[in-house]
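Structure, as structure tokens:
First the proteins, then the strands, lettered A, B, ... as listed; each starts at 1.
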Protein chains: 2
Amino acid sequence: MADELTGADALMRTLVDAGVDVCFMNPGTSEMHFVAALDRVPAMRGVLTLFEGVATGAADGFGRIAGRPAAALLHLGPGLANGLANLHNARRARTPLVTVVGEHATFHRDLDAPLHSDIAALAGPVSGWVRTSAGVAGLGADASAAVEAALTPPGGVATLIVPADLSWSPGGSVGSPAPVTPFATVDAAVVASAAKALRTSRAALLLGGRALRGPALRAAARVAAATGARVLCETFPARLERGAGLPAFERLAYLPELAMKQLADLETLVLVGAAEPVTFFGYPDTPSRPAPAGCVPYVLAGSGDDAALALSALADEVGAPADPDLPPVERPSAPTGSLDAASFAAAIGATLPENAIIVDEANTSGLAIPAATAGAPRHDLLALTGGSIGQGPPVAVGAAIADAARPVVNLQADGSALYTMQAWWTQAREGLDVTTVLLNNRSYAILHYELAKVGATAGGERAKAMLDLTDPTPDYVHLARGLGLTAGRARTADDLVNLLRRAFQEPGPHLIEAVL
Amino acid sequence: MADELTGADALMRTLVDAGVDVCFMNPGTSEMHFVAALDRVPAMRGVLTLFEGVATGAADGFGRIAGRPAAALLHLGPGLANGLANLHNARRARTPLVTVVGEHATFHRDLDAPLHSDIAALAGPVSGWVRTSAGVAGLGADASAAVEAALTPPGGVATLIVPADLSWSPGGSVGSPAPVTPFATVDAAVVASAAKALRTSRAALLLGGRALRGPALRAAARVAAATGARVLCETFPARLERGAGLPAFERLAYLPELAMKQLADLETLVLVGAAEPVTFFGYPDTPSRPAPAGCVPYVLAGSGDDAALALSALADEVGAPADPDLPPVERPSAPTGSLDAASFAAAIGATLPENAIIVDEANTSGLAIPAATAGAPRHDLLALTGGSIGQGPPVAVGAAIADAARPVVNLQADGSALYTMQAWWTQAREGLDVTTVLLNNRSYAILHYELAKVGATAGGERAKAMLDLTDPTPDYVHLARGLGLTAGRARTADDLVNLLRRAFQEPGPHLIEAVL
């Protein structure tokens with residue numbers, strides 16, 4: 001039949017029917033039929049990236065904002081390998097995401113050609129679901145199953161491996177979209193026990209995952225108002241809704257000694273979409289669990305539960321008033337004078353536009369940001385969930401494509417930016433409203449702390465040279481312009497405020513190097 | 001005991017004792033003790049990279065030139081993930097290489113902290129040997145075993161996973177270097193059978209791996225002179241010795257239709273360190289094996305055999321004269337006028353300095369290079385062995401560090417350069433004599449061929465946009481300067497010759513963007 005679908009056509013149409021209509025891609029030969037199908041399936045938007053870590057990070061940013069998966073199209077094992085670090089972050093963020101990896105044709109894959117490798121083995125550690133399509137007739141159904149797996153609460157990475165001959169062969173059949181599994185409702189008895197714990201012990205709530213969205217945060221504020229319980233948010237949220245009109249709960253600190261202080265004296269820690277806290281790293285003389293030994297964890301809502309509903313039921317159970325009393329917070333005024341961590345944060349707080357998305361990979365330079373932006377207009381904050389650096393610029397790409405009406409601000413540490421700066425080119429190509437503030441402190445600053453913290457006593461000159469980004473200092477303005485961005489350098493707080501205001505007014509991507 | 005060795009000290013001293021005295025690194029918290037040990041083990045040279053794909057690619061380039069392993073120090077699963085693509089290339093090159101991956105402390109690794117993942121699973125597909133150290137006392141012995149595994153013929157990637165507490169704990173013990181296994185000697189009967197096949201059938205030799213070094217090439221030329229057999233080299237050699245005084249054998253073509261022509265009519269293909277040819281990709285309507293159906297493969301030397309010895313024995317067996325008659329070849333004169341693939345190749349042939357190392361990732365733009373450099377001074381050519389792009393700039397780093405006396409020329413396609421341009425910073429930081437010729441054709445040119453070849457008939461505008469590197473066109477001169485290189489742009493052949501001569505005269509790294 002002349003107009004029989006190829007496997008690639010069926011795959012792409014299935015994805016579009018299931019709501020997956022953006023594909024970030026670094027295609028190669030084995031994906032050429034999928035690329036060719038773009039002209040036959042106009043509902044699919046193909047977005048080219050210059051490196052697979054940008055494609056996967058962008059799909060992560062898209063999923064965090066859109067709440068539905070984007071696809072990332074990758075080229076065989078090495079293409080997937082390049083995308084793994086940001087898939088690791090996406091896995092930790094529980095982002096719905098569909099990875100489509102082209103594989104050698106079935107008649108070619110056992111010949112040990114140069115690009116051959118064990119794709120499924122590479123996909124396993126970052127994927128909740130992995131399948132290698134077995135035939136062209138089932139490719140559409142495989143794609144449906146991948147989307148279903150990605151969307152099953154709490155969400156995750158689904159990887160579909162597609163041999164090239166399945167893509168180019170006729171006999172494809174569009175898969176039917178699977179029904180979406182809702183987040184689960186927490187039992188009333190579980191809510192009642194949590195209420196009892198709050199009434200009878202020194203307790204705090206630890207919010208994570210979906211509990212960091214507006215309705216859940218407001219319900220948590222009601223619980224706090226009625227019980228006096230403190231509320232903390234997890235350290236690196238996938239998406240935290242913040243700003244004017246929302247409670248500004250403290251985040252659990254990254255540094256173990258600070259986290260231990262935050263949790264000291266607690267008898268109960270009520271977990272709402274968050275896991276029991278563990279430190280980021282293990283250290284010689286520091287416990288890996290920052291909560292005190294006597295503190296009992298209590299799971300009100302797991303990651304697949306409806307956290308907002310559970311918190312709302314808990315608020316009712318503890319007899320909380322309908323509307324939480326939020327302390328008034330204001331945004332800072334525009335700073336002047338020298339540029340340091342405090343004035344940098346104030347500049348962001350003073351200029352942040354309405355309904356912005358902050359992609360936060362500021363690392364050590366960003367510690368003053370939460371306080372400075374608590375009274376800024378409503379915004380979302382997307383953090384580095386899995387600790388794999390180089391997440392910021394790609395996530396900014398995906399967030400901007402997920403909602404073109406929202407300005408994106410990427411607060412970006414220098415060393416981390418250098419991992420995935422190729423994302424700037426896609427920002428330019430797609431004309432995205434992303435403003436990158438590149439925090440140039442000329443080092444992997446966090447590692448100076450870590451070098452001391454692990455008891456690495458030496459700190460000799462040869463060791464310190466390995467943490468240092470000078471000699472030469474990268475010129476981020478040159479790099480950004482080389483990839484098509486409008487770029488400028490801020491040496492004072494006044495410069496930064498002016499450049500931010502200009503960037504927020506002009507369409508398209510901008511980079512501001514903030515020299516700290 | 002005050003001066004008891006830590007695990008990190010024992011690990012580093014073991015490596016140095018075994019001849020592994022360069023470590024390319026992107027360390028994080030879990031590797032801080034290894035970093036700190038640099039000040040106590042001055043024989044180890046630490047080389048900082050800005051991205052793990054640079055560290056692993058540099059270790060590949062180092063191993064190809066030095067013939068002994070460098071180490072690549074990587075940070076947990078995500079750091080390893082970022083280095084996997086170039087480890088894939090190193091695996092295909094059979095480069096001896098030791099990967100040291102820091103893991104969470106043993107008491108921390110089961111807590112599912114954000115950076116936790118299955119490191120051994122990620123390492124498996126690229127490694128011939130993987131071990132997670134079980135205790136500080138055995139860490140030195142583990143390092144010895146890793147070096148032994150990396151050096152066991154034909155050479156490969158050995159991955160040692162080191163929990164952080166093993167690094168920081170006292171009780172380390174330096175491992176003894178293992179004896180190096182030599183390449184095996186091929187049986188006289190195998191040589192005699194090969195000689196018979198050459199005498200009694202239409203035969204060719206296909207050389208790969210170690211058979212591409214000078215002594216083996218000269219022996220192959222003797223065989224060819226005595227028997228009339230043609231000699232081919234594998235398509236993407238790890239290290240091919242070439243230039244004046246060495247035979248310039250044709251390489252097996254990348255394009256299946258050309259490779260089929262090269263092998264047509266053969267009855268025997270004598271394999272010397274090379275595998276039976278398979279096409280790079282599988283295509284509709286093209287066989288995956290380019291040799292004709294009746295052609296019998298005959299293995300004279302496997303990848304772990306001494307290919308030079310086998311070829312020399314074969315030459316004696318067929319009664320070849322001692323010295324092969326090499327046709328005279330001259331280098332081209334310096335081209336003038338417009339810059340295209342031919343004048344670009346002539347410029348390289350005309351200016352190549354003595355004893356250079358060419359790192360070839362020119363892809364489609366480099367087809368004229370072999371002929372243009374056959375009569376250039378002696379040089380080595382390092383190719384993209386595994387097809388995972390972004391290999392060139394990092395391999396250039398490692399090759400330059402392996403032999404500081406040899407100038408390195410990286411012929412680099414634009415799309416591939418953007419994968420690992422971070423390598424340019426390490427070239428600047430270490431003051432390496434690397435000249436990068438960046439071939440700007442503003443597209444993933446090979447994919448236009450591949451799009452047609454897989455029968456992807458559409459070739460519509462939306463598909464073509466996914467193969468296109470304009471809008472915006474990256475400015476490679478800006479990018480290179482941003483990372484600390486001296487950079488210029490050549491729009492004519494004369495420009496290119498002048499910039500090449502200047503780059504070869506001045507110390508330190510240079511980039512020349514050649515606009516084709």
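Once rounded to the nearest 0.5 Å, the distance linking CZ of B/Phe280 with CG of A/Leu115 reads 4.5 Å. Note that OG1 of A/Thr420 and CD of B/Gln422 are 8.5 Å apart. Values are rounded to the nearest 0.5 Å. Separating the CG atom in B/Asp471 from the CD atom in A/Glu430 is a distance of 9.0 Å, to the nearest 0.5 Å. One distance of note links CG of B/Leu467 with CE of A/Met32; it measures 5.0 Å at 0.5 Å rounding. The CD1 atom of B/Ile389 sits 7.5 Å away from atom CG of A/Asn26, with the distance rounded to the nearest 0.5 Å. One distance of note links CG of A/Asp110 with OG of B/Ser288; it measures 10.5 Å at 0.5 Å rounding.
In this structure, chain B has no heavy atom under 4.5 Å from any part of A/Val126. Within the 4.5 angstrom heavy-atom criterion, only side-chain atoms of B/Leu76, from C-beta onward, approach chain A. Within the 4.5 angstrom heavy-atom criterion, atoms from both the backbone and the side chain of B/Thr279 approach chain A. For a residue to count as touching a neighbouring chain, one of its non-hydrogen atoms must lie under 4.5 Å from one of that chain's; by this rule B/Ala465 touches chain A with backbone and side chain alike. A/Ala275 does not touch chain B: none of its heavy atoms, backbone or side chain, sits under 4.5 Å away. Heavy atoms closer than 4.5 Å to chain A are found nowhere in B/Arg109, neither backbone nor side chain. For a residue to count as touching a neighbouring chain, one of its non-hydrogen atoms must lie under 4.5 Å from one of that chain's; by this rule A/Asn89 does not touch chain B. Contact of B/Ala164 with chain A is not made at all, since no heavy-atom distance falls under 4.5 Å.
Under a 3.5 Å cut-off, the side chain of A/His478 and the backbone N or O of B/Ala480 do not form any donor-acceptor pair. Side chain of A/Arg462 to main chain of B/Met44: a donor-acceptor pair is present (N/O by atom type, distance under 3.5 Å, no hydrogens or angles). Side chain of B/Asp39 to main chain of A/Glu461: a donor-acceptor pair is present (N/O by atom type, distance under 3.5 Å, no hydrogens or angles).
Shown here for A/Leu483 and B/Met421, the closest heavy-atom pair between the two residues is CD1-CE, 4.4 Å. Heavy-atom minimum distance, A/Trp425 versus B/Pro472: NE1-O, 2.6 Å. Summarising the geometry of A/Ala81 relative to B/Leu84, their closest heavy-atom pair is CB-CB, 3.7 Å, with the distance given to 0.1 Å. The minimum heavy-atom distance linking B/Leu418 with A/Leu50 is given by the pair CD1-CD1, 3.7 Å. Between B/Ala121 and A/Pro125, the shortest heavy-atom contact is CB-CG, 3.9 Å. Between A/Tyr283 and B/Phe107, the shortest heavy-atom contact is O-CZ, 3.5 Å.
Chain A forms the most heavy-atom pairs under 4.5 Å with one residue out of B/Asp112, B/Val477, B/Thr235, B/Leu384, and that residue is B/Asp112. Comparing B/Ala113, B/Ala85, B/Ala428 by how many heavy-atom pairs each has under 4.5 Å with chain A, the most go to B/Ala113.
Side-chain atoms of B/Arg92 and A/His116, non-hydrogen and from C-beta on, do get closer than 4.5 Å to each other. In this structure the side chain of B/Leu469 never reaches within 4.5 angstrom of the side chain of A/Arg429, judged on heavy atoms.
Between A/His75 and B/Phe281, the ring-plane angle classifies as tilted under the 30° and 60° cut-offs.
In this model, a donor atom of one side chain and an acceptor atom of the other lie less than 3.5 Å apart for A/Tyr419 and B/Glu52.
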